[in-house]
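Read through the structure below, which is laid out as structure tokens, and then see the notes.
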Amino acid sequence: MHDACDREGGPVAGELDELHLKAALLDQVSEAAFAWELGGNCPIVYFGPGAERLLGVPAGDAIGRSRHDLLSTGFPVPLAEIEGALERDGRWAGELRHTASDGRQILIESRMRLVEGGEGLERRRVVLETGRDISVRWRAEEGLREGEARFRNMADHAPVMIWITEPDGTCSYANRRWLEFTGQTASDVLGLGWLDAVHPEDRPAAAEAFQEASARRGTYRMDFRVRRADGAYRWCIDSASPRLGPRGEFLGYIGSIIDITDRKHAELLVQESEDRLRRAVMAVPFPMMIHAEDGQIITVNRAWLELSGYTREQIPTIDAWLELAYGPRQGAARAAIEAIYGREGKAVEDELTITTASGARRTWAFSGAPLGEDVTGRRLVISAAHDITEKEQIGDALRESEARFRELADAMPQIVWTADPEGRIDYSSRQWCERTGAPVSEALGDGWISYLHPDDRERCLADWHRSIVTGEPYECEFRFGGVDREHRWYLCRAVPSRGPEGNIARWYGAAMDIHDQKCAETRLKEADQRKDEFLAMLAHELRNPLGPIRNAVEILRRIAGQPPSLARACGVIDRQVSHMARLVDDLLDVSRVARGRIQLRKERCDLARLLRQTAEDYRSTLEASGLSLELALPAEPVWVSGDPTRLSQAISNVLHNANKFTDAGGRVTVTLSVTSERSAAIRVRDTGIGMEPAMLGRMFEPFSQADRSLDRSRGGLGLGLALVKGIVELHGGAVSAESAGTGRGTEIVLRLPLSHGPELSIERAAPPSGVDSRSLRILIIEDNQDAAETLQALLAMDGHRVDVALSGHAGVEAARSSRPDVILCDIGLPGGMDGYAVARALKGKGSEGLSPSLMIALTGYGQEDDRRRALEAGFDLHVVKPFEPTSLSTLLARSRSRGEVAGGTPGRPGP
């Protein structure tokens with residue numbers, strides 16, 4: 001192992017000692033253990049003896065090889081998901097299908113943990129993996145499912161009608177022969193629906209006979225008329241035997257129904273005339289015999305002889321028949337025959353096994369009844385038989401399948417249960433015991449309620465009661481536990497089974513353990529909240545230093561007579577501040593798009609006009625980079641429903657991308673067209689560095705970089721195009737990219753659905769061109785002294801009278817004493833009073849005479865929620881740092897001209 005791991009790419013010696021110890025310990029407690037590095041081709045660095053046995057690969061052949069090549073992962077988990085879980089959570093567990101060296105398919109229960117520790121392990125991340133072969137269980141489960149399918153297939157192809165009931169007597173299955181015979185559907189027959197096919201006059205007797213047999217758990221046999229699919233009623237014989245479980249418990253009935261209409265007609269003919277009866281007996285297609293009390297067989301039909309294989313000469317008497325067909329087992333048959341003579345017209349039915357002339361053993365269902373006396377006074381008996389050998393075999397298979405089904409149900413990981421129409425539990429699977437540690441009897445009735453978590457009990461029972469009353473399916477998540485066992489989250493679902501009249505006959509439900517999923521959801525929500533807080537704080541901390549830098553640059557620019565080198569330096573600083581601000585905005589916007597938290601302010605707008613304005617605004621930037629811009633836009637409007645600001649942002653990001661990846665002397669072409677699919681297509685084509693095919697599929701993913709060189713001359717975080725994709729998709733559109741290859745340029749296409757409303761546009765008022773320079777009294781409340789002093793200097797250069805306060809309390813006192821026209825206030829202030837509290841103190845109740853005409857929040861917190869909170873606290877405007885100093889001067893002049901300061905009516909102009 002040391003030789004293999006010391007090769008290039010393997011752990012160093014210090015790491016091996018620690019890794020070897022951990023992996024060796026895993027070998028002692030698991031069936032197989034191995035270790036591999038996460039990243040690259042994931043080389044195996046340890047391969048224990050258990051792994052050699054499990055996979056049939058020597059350790060010497062495994063060490064250093066790619067884990068994914070040696071242990072190819074098949075159904076059902078993709079490798080990317082496993083590696084993603086290890087990167088995110090540091091662990092993964094699940095079931096993986098592998099192909100061993102001898103070609104066997106094996107299912108392995110795998111657990112992986114990412115190990116970090118020690119100087120070496122911090123540089124190299126190693127995954128310790130253990131595996132356990134669960135192929136036997138897997139194949140056993142497959143066998144159970146195949147057995148059930150075979151039974152269903154066999155029953156559906158049986159020549160007789162077969163049915164199965166539950167212990168309560170409700171039908172749970174009828175084979176295809178019944179459905180074809182009666183014309184009922186599979187759902188019609190369930191419960192007591194099969195009775196709809198029974199003749200109305202026979203229904204009460206059939207139900208009573210079945211209930212009587214069910215009460216004594218005995219065999220059931222009944223003749224009644226069944227409505228055939230064509231509407232005709234046919235006489236049928238229905239016989240059934242109880243199904244018993246492995247421990248002798250009663251599981252219901254399995255039965256068969258045979259059309260005996262012809263036999264019934266024959267019995268009626270017997271009553272009318274003995275001669276006609278004999279002819280009818282000889283004509284019926286199933287075995288029949290008439291014999292006298294002295295033992296003479298008067299008539300035996302052809303079916304009897306053909307099925308038994310004996311000739312008429314071989315069975316002149318009942319004794320001869322009993323000797324041939326039963327031999328030493330004839331006692332039971334003789335007793336049954338003798339009992340018929342004293343029954344006074346009552347039939348006797350039984351199932352007996354006969355031996356045919358060929359020596360085969362067949363099961364016949366006999367039905368015998370007194371036939372009165374002949375002319376000599378001898379009492380006569382008529383016997384009919386049905387060969388039910390195949391039915392008995394089917395019954396055996398059904399009972400075997402039922403036993404397998406019970407084993408499968410108990411092996412299921414869910415708690416399976418049933419309840420009566422009032423909601424009282426009357427059955428629960430074995431999982432109840434394993435989950436709660438309590439006997440099944442504790443779950444019956446309302447006993448299960450005491451195992452609910454107290455905080456979930458009221459909600460769970462209210463939902464259950466609502467489903468019982470309305471009959472709607474039940475679904476609820478709650479915590480459940482046993483004595484001295486933790487409460488775990490379960491998802492419980494139940495559906496009602498209805499009777500023929502639509503009333504609920506039973507509830508069937510299952511409870512599935514979702515505790516790990518709920519815990520994972522909670523962790524994800526907490527992580528998402530922490531990420532939001534981190535991004536907001538990151539943006540604030542990044543924006544705050546940019547404000548004073550931009551203010552200082554503006555001050556330097558306004559100083560007369562500065563040398564050219566200083567002017568160039570100011571330009572560099574200003575451009576880099578703008579670039580930094582753009583990166584911060586892109587980072588936050590991509591995060592908001594991913595979480596669906598960007599709210600579009602849609603309106604009907606002319607996309608051609610918006611595209612022309614945005615491109616012309618960006619023309620100077622492209623020309624400064626030595627690029628030319630060409631526009632090919634339609635003269636007529638192209639109407640879309642969208643947020644003009646966000647659409648302009650998306651177009652600017654595409655132009656910015658073209659600017660970054662096109663060398664001086666290149667060309668950027670922007671076109672707009674309407675497609676046959678009633679959508680607008682914006683195409684931005686550059687003559688830049690182009691893109692490899694592999695990169696085209698990833699270029700719209702966050703943090704995707706086309707420039708991966710060490711010098712990073714192209715810059716950026718790889719967020720611009722991801723933000724473009726998010727914005728366009730929020731508008732119901734799509735983005736795509738095309739490139740002929742490296743050095744051959746790139747074309748990015750934005751497709752947006754056209755608007756179908758009336759072609760009216762909303763003209764936006766142009767901002768005032770001039771700046772009103774009349775002096776204002778301004779108060780700056782800012783704890784960053786550099787930001788406060790540079791902003792004070794800039795505003796003083798514009799002729800304003802400016803005071804500074806470095807805390808919230810100081811700002812309120814200054815506002816009370818100086819009564820400023822305008823307050824520029826930071827949000828994050830020290831001393832227990834933030835910017836929101838300052839606004840409430842100066843703009844809330846009891847502040848009459850203190851409220852400034854215009855109060856602006858200057859802050860590094862720039863999310864939509866931050867803007868809402870600022871306006872609710874009393875601010876008139878919310879401006880995100882760093883801002884353009886000239887834009888602030890314009891804003892103050894615009895507010896002054898509108899009468900919003902110096903005695904005007906306070907307003908809330910947009911940010």
Side-chain angles (χ1 to χ4, degrees), residues 582 586 589-590 593-594 607-608 610-612 614-619 621-623 625-634 638 640 642 646-709 712-754:
R582 183 187 185 95
D586 281 354
D589 280 345
V590 167
V593 167
L607 188 59
L610 177 66
L611 186 57
R612 181 178 293 105
T614 304
E616 290 297 340
D617 288 344
Y618 209 82
R619 183 184 292 275
T621 301
L622 294 172
E623 291 176 349
S625 300
L627 307 179
S628 63
L629 174 65
E630 296 180 3
L631 299 180
L633 307 178
V638 177
V640 298
R646 289 296 181 183
L647 290 177
S648 179
Q649 180 183 8
I651 297 166
S652 295
N653 279 9
V654 176
L655 291 171
H656 179 71
N657 186 77
N659 184 44
K660 282 199 305 180
F661 295 100
T662 306
D663 295 329
R667 183 178 66 258
V668 177
T669 305
V670 179
T671 64
L672 173 63
S673 61
V674 176
T675 69
S676 58
E677 293 82 12
R678 296 293 299 162
S679 64
I682 302 171
R683 299 178 182 273
V684 180
R685 174 79 182 179
D686 63 58
T687 59
I689 65 174
M691 199 167 296
E692 296 177 355
M695 187 60 197
L696 285 173
R698 305 195 309 269
M699 64 184 300
F700 294 104
E701 298 176 2
F703 307 109
S704 178
Q705 295 283 353
D707 181 8
R708 298 183 179 272
S709 58
R712 296 284 291 118
S713 59
R714 305 290 177 174
L717 294 175
L719 296 175
L721 293 184
L723 182 57
V724 170
K725 180 177 184 290
I727 292 175
V728 172
E729 288 181 349
L730 285 175
H731 284 80
V735 297
S736 61
E738 299 176 2
S739 176
T742 304
R744 305 182 66 178
T746 303
E747 182 178 74
I748 295 178
V749 184
L750 284 62
R751 290 181 173 83
L752 295 167
L754 295 176

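These numbers come from a predicted model, not from an experiment. Both backbone and side-chain heavy atoms feed into the values below; hydrogens, waters and symmetry mates do not.
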Results of side chain to side chain donor-acceptor pair (under 3.5 Å) for Arg685 - residues two or more places apart only: none
Residues in side-chain contact (heavy atoms from CB on, under 4.5 Å) contact with Ser648, at least two apart in sequence or another chain: Leu610, Thr614, Ser652
Arg751: partners by salt bridge (Lys or Arg N to Asp or Glu O under 4.0 Å), with sequence neighbours left out: none
Qualifying residue, where the test is side-chain contact (heavy atoms from CB on, under 4.5 Å) with Leu627 and the options are Asp686, Leu655, Asn659: Asn659
Within residues 726-735 or reaching into it, pairs that qualify as salt bridge (charged side-chain N to carboxylate O under 4.0 Å, His left out) - sequence neighbours excluded: Lys725-Glu729
Shortest non-hydrogen contact from Val728 toward Ala734: CG1-N, 3.4 Å
Closest contact, heavy atoms only, Val638 versus Ala680: CG1-CB, 3.9 Å
Spatial distance of atom CG (Leu647) from atom CG (Leu750) [nearest 0.5 Å]: 9.0 Å
Please tabulate, for side-chain N and O atoms in residues 666-673, each donor-acceptor pair with protein atoms closer than 3.5 Å (sequence neighbours left out).
none

With Glu630 via side chain to side chain donor-acceptor pair (under 3.5 Å) - residues at least two apart: none
Minimum heavy-atom distance between Pro634 and Ala608, given as atom pair plus value: O-CB, 4.1 Å
Pairwise distance CG(Asn657) to CG(Leu721) - rounded to 0.5 angstrom: 4.0 Å
For the student: nearest non-hydrogen atoms of Pro753 and Val640, plus distance: O-CG1, 3.7 Å
Spatial distance of atom CD1 (Ile682) from atom CD1 (Ile651) [nearest 0.5 Å]: 4.5 Å
All side chain to side chain donor-acceptor pair (under 3.5 Å) counterparts of Ser679, not counting sequence neighbours: Thr675
Residues in side chain to side chain donor-acceptor pair (under 3.5 Å) contact with Glu616, at least two apart in sequence or another chain: Arg619
Distance-minimising heavy-atom pair for Val724 and Ala650: CG2-O, 3.4 Å
Test log, rule side-chain contact (heavy atoms from CB on, under 4.5 Å), inputs Ile748 and Val735: CA-CA 7 Å; Ile748 295 178; Val735 297; 5.5 Å; no
